Structure formats: structure tokens, C-alpha cells
Amino acid sequence: MTTVIYINLPVADLNRSVAFFTALGFSFESQFTSDEAACLIIDADHIYVMLLTPEFFARFTRKPVADAATSSEVILALSADSRQDVDALTEKALSHGGSVSNAPEDQGYMYSRSFQDPDGHLWEVLYMDEVAMAEAMAQERESSSDVD
């Protein structure tokens, strides 16, 4: 079974959001883009973020639409191929209207930075060295078994 993920986010100004993500190097699926929505491509085969006007977003829920500038409804995490790619995408976001969300985190095997898009949605960009992570986890298991 193939799974495609569509994440829906309300945005105050659709054109501003499209310009922001285009400046970061993302593209949009024109088939699912209109005056009310834009389909941001994260992974062309599986993952899309639907940027929706608040009125259009509200059609899909009976709950109040959260204001991402004042509350957190989701954190979107994107993987990167290297620490340099984490820095490059985050710096690009900050230079095109994004703002810092949290301080960078460096756990040795995992490095991440985060930003808020112009609507305040939280985005995290992370690089994980899987070999170093496996080694760290093995050492942790070894240390905890020595304590028992």
C-alpha cells in the first residue's frame, strides 16, 4: 500500500507563503493549487503540505482554526543530508521572512535547527548520522547494563 501524506496548514496570506517557500527552493503542484490553496511539494512521491487560506481550512474542521503566531498546533520536521544543509535551509528561511524558533541542538549524532514561517508554523530541519547514533545507543545500553 502506498501512503501519501497531505499536511494541511492555514496561512494568512497565501501569496506570501508561496513566495516564502519558493525562495527556500520548494516547488508547488499546480494541480492542487488555486486561490484558496497551494500544494507545497516536500517529497514528490509521498509528502505534501497544503497551504490553505483560513476560510478554506475552516471548511475541513468544526474546531476553531489555531493561530500559529500565538499557539503551537504542529511541528514539521524535515531531514537534511548534512549539517551544512541544515544550516543552509535554516539561514535561507531566516533571510526570507522566517524567524528563529529554538536554539540549535547538537547531540553529536543529531544536529537540528528550527524556524517559524511567516505565519508562525514551526519547522525543524535535522541531520542524523545513523552510524554515530547506533554507536551512541549501543554505548548507552552498555552503560545501563553495567549499572544493573
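Source: prediction; values computed, not measured.
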Undergrad: In terms of heavy-atom contacts, does CE of Met137 have more than 12 from other residues, nucleotides or ligands at under 6.0 Å?
TA: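 Count not over threshold, so no.
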Undergrad: What about Ile47 and Leu126, same hydrophobic cluster or not, with Ile/Leu/Val/Met/Phe/Trp/Tyr joined at side-chain heavy-atom distances under 4.5 Å?
TA: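 In one cluster: no.
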Undergrad: Please check: side-chain N/O of Ser114 versus main-chain N/O of Trp123, any donor-acceptor pairing under 3.5 Å?
TA: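 No, because the side chain of Ser114 does not come within donor-acceptor range (under 3.5 Å) of the backbone of Trp123.
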Undergrad: Sorted by first residue and then second, give each side chain to side chain donor-acceptor pair (under 3.5 Å) pair with at least one member in residues 55-68; sequence neighbours left out.
TA: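 Residue pairs with at least one partner in residues 55-68: Glu36-Arg59.
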Undergrad: Determine, using the 4.5 Å side-chain heavy-atom cutoff (strictly less than), whether Val74 and Leu78 are members of one ILVMFWY cluster.
TA: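 Yes, it is one cluster - the side chains of Val74 and Leu78 are joined through contacts under 4.5 Å.
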Undergrad: Specify the closest pair of heavy atoms between Ala80 and Val125, including all atoms of both residues, with the distance to one decimal.
TA: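 Scanning both residues completely, I find the closest heavy atoms to be CB-CG1, 4.1 Å.
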Undergrad: Under the side chain to side chain donor-acceptor pair (under 3.5 Å) test, which residues partner Tyr127, sequence neighbours left out?
TA: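 By the side chain to side chain donor-acceptor pair (under 3.5 Å) rule, Tyr127 matches no residue at all.
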Undergrad: Measure the CZ-NZ distance between Phe20 and Lys92 for me, rounded to the nearest 0.5 Å.
TA: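 The distance works out to 11.0 Å.
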Undergrad: Counting distance only, does the side-chain N/O of His121 pair as donor-acceptor with the main-chain N or O of Pro10 below 3.5 Å?
TA: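 Between the backbone of Pro10 and the side chain of His121 there is a qualifying donor-acceptor contact (under 3.5 Å).
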Undergrad: Do Leu89 and Leu24 have side chains that get closer than 4.5 Å, going by heavy atoms?
TA: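 Yes. Closest side-chain heavy atoms under 4.5 Å.
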Undergrad: Roughly how far, to the nearest 0.5 Å, is CZ of Arg141 from CD of Gln139?
TA: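 Answer rounded to 0.5 Å: 10.5 Å.
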Undergrad: Taking side chain to side chain donor-acceptor pair (under 3.5 Å) as the definition, give me every residue that meets it alongside Glu135, ordered by chain and number, with sequence neighbours left out.
TA: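 Partners of Glu135 under the side chain to side chain donor-acceptor pair (under 3.5 Å) test: none.
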Undergrad: Please check if the number of heavy atoms outside Asp35 that lie under 6.0 Å from its CG is greater than 12.
TA: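 Atom CG in Asp35 is not crowded, with 12 or fewer foreign heavy atoms closer than 6.0 Å.
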Undergrad: When the aromatic ring centroids of Phe28 and Phe32 are compared, is their separation below 6.0 Å?
TA: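 Ring centres of Phe32 and Phe28 not closer than 6.0 Å.
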Undergrad: Could you pull out all residues at least two apart from Ser17 that satisfy side chain to side chain donor-acceptor pair (under 3.5 Å)?
TA: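 Scan of Ser17 (side chain to side chain donor-acceptor pair (under 3.5 Å), adjacent residues dropped) gives Asp119.
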Undergrad: Hydrophobic clusters here meaning ILVMFWY residues chained together by side-chain heavy-atom distances under 4.5 Å, can you tell me if Ile5 and Phe26 are in one?
TA: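 Yes: a chain of side-chain contacts under 4.5 Å links Ile5 to Phe26.
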Undergrad: Taking side chain to side chain donor-acceptor pair (under 3.5 Å) as the test, write out the residues that go with Gln84, two or more places apart.
TA: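 Partners of Gln84 under the side chain to side chain donor-acceptor pair (under 3.5 Å) test: Ser82.
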Undergrad: When rounded to the nearest 0.5 angstrom, what distance separates CE in Met133 from CE in Met110?
TA: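 Reported to 0.5 Å precision, the distance equals 9.0 Å.
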Undergrad: Any side-chain heavy atom of Ile41 sitting closer than 4.5 Å to one from Tyr48?
TA: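 In short, these two side chains touch, coming nearer than 4.5 Å.
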Undergrad: Run through the side-chain heavy atoms of Ile, Leu, Val, Met, Phe, Trp and Tyr, join any pair under 4.5 Å, and report what else lands in Leu122's cluster.
TA: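 Traced through the cluster, Leu122 reaches Ile75.
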Undergrad: Other residues, nucleotides and ligands only: do more than 12 of their heavy atoms fall within 6.0 Å of CD on Gln107?
TA: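 Counting other residues, nucleotides and ligands, CD of Gln107 exceeds 12 neighbours.
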Undergrad: For the hydrophobic clusters of this structure (ILVMFWY residues joined by side-chain heavy atoms under 4.5 Å, transitively), does one cluster hold both Val4 and Val49?
TA: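 No: no chain of side-chain contacts under 4.5 Å links Val4 to Val49.
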Undergrad: Between Phe21 and Ile42, is there a side-chain heavy-atom distance shorter than 4.5 Å?
TA: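 No, too far: nothing below the 4.5 Å cut-off.
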Undergrad: Say whether, by atom type as modelled, one donor and one acceptor occur between the side chain of Ser71 and the main chain of Ala66 under 3.5 angstrom.
TA: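 Checking the backbone N and O of Ala66 against the side chain of Ser71, no donor-acceptor pair under 3.5 Å is found.
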Undergrad: Will you find, in the side chains of Asp129 and Tyr111, an N or O donor that is under 3.5 Å from an N or O acceptor?
TA: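 Short answer, no.
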Undergrad: Check step by step if side chain to side chain contact (heavy atoms under 4.5 Å, CB included) holds for Leu94 and Phe115.
TA: CA-CA 7 Å; Leu94 298 176; Phe115 64 88; 4.1 Å; yes
Undergrad: How long is the straight-line distance from OG1 of Thr33 back to CG of Leu14, given to the nearest 0.5 Å?
TA: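 Answer rounded to 0.5 Å: 8.0 Å.
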Undergrad: Would you call Glu91-Arg113 a salt bridge at under 4.0 Å N-O?
TA: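 A salt bridge is present here (some side-chain N lies under 4.0 Å from a carboxylate O).
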Undergrad: As an exercise, state the distance from CG of Leu76 to CD1 of Ile7, rounded to the nearest 0.5 Å.
TA: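 Here the rounded value is 5.0 Å.
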Undergrad: Is there a path of hydrophobic side-chain contacts, each under 4.5 Å between heavy atoms, that joins Val18 and Phe57?
TA: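 Val18 does not cluster with Phe57.
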Undergrad: What heavy-atom pair brings Arg83 and Gly108 nearest, and what distance separates the two atoms?
TA: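 Answer, listing the atom of Arg83 first, then Gly108: NH2-O, 3.1 Å.
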Undergrad: Distance from Leu9 atom CG to Asp117 atom CG, nearest 0.5 Å?
TA: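 These two atoms lie 7.5 Å from each other.
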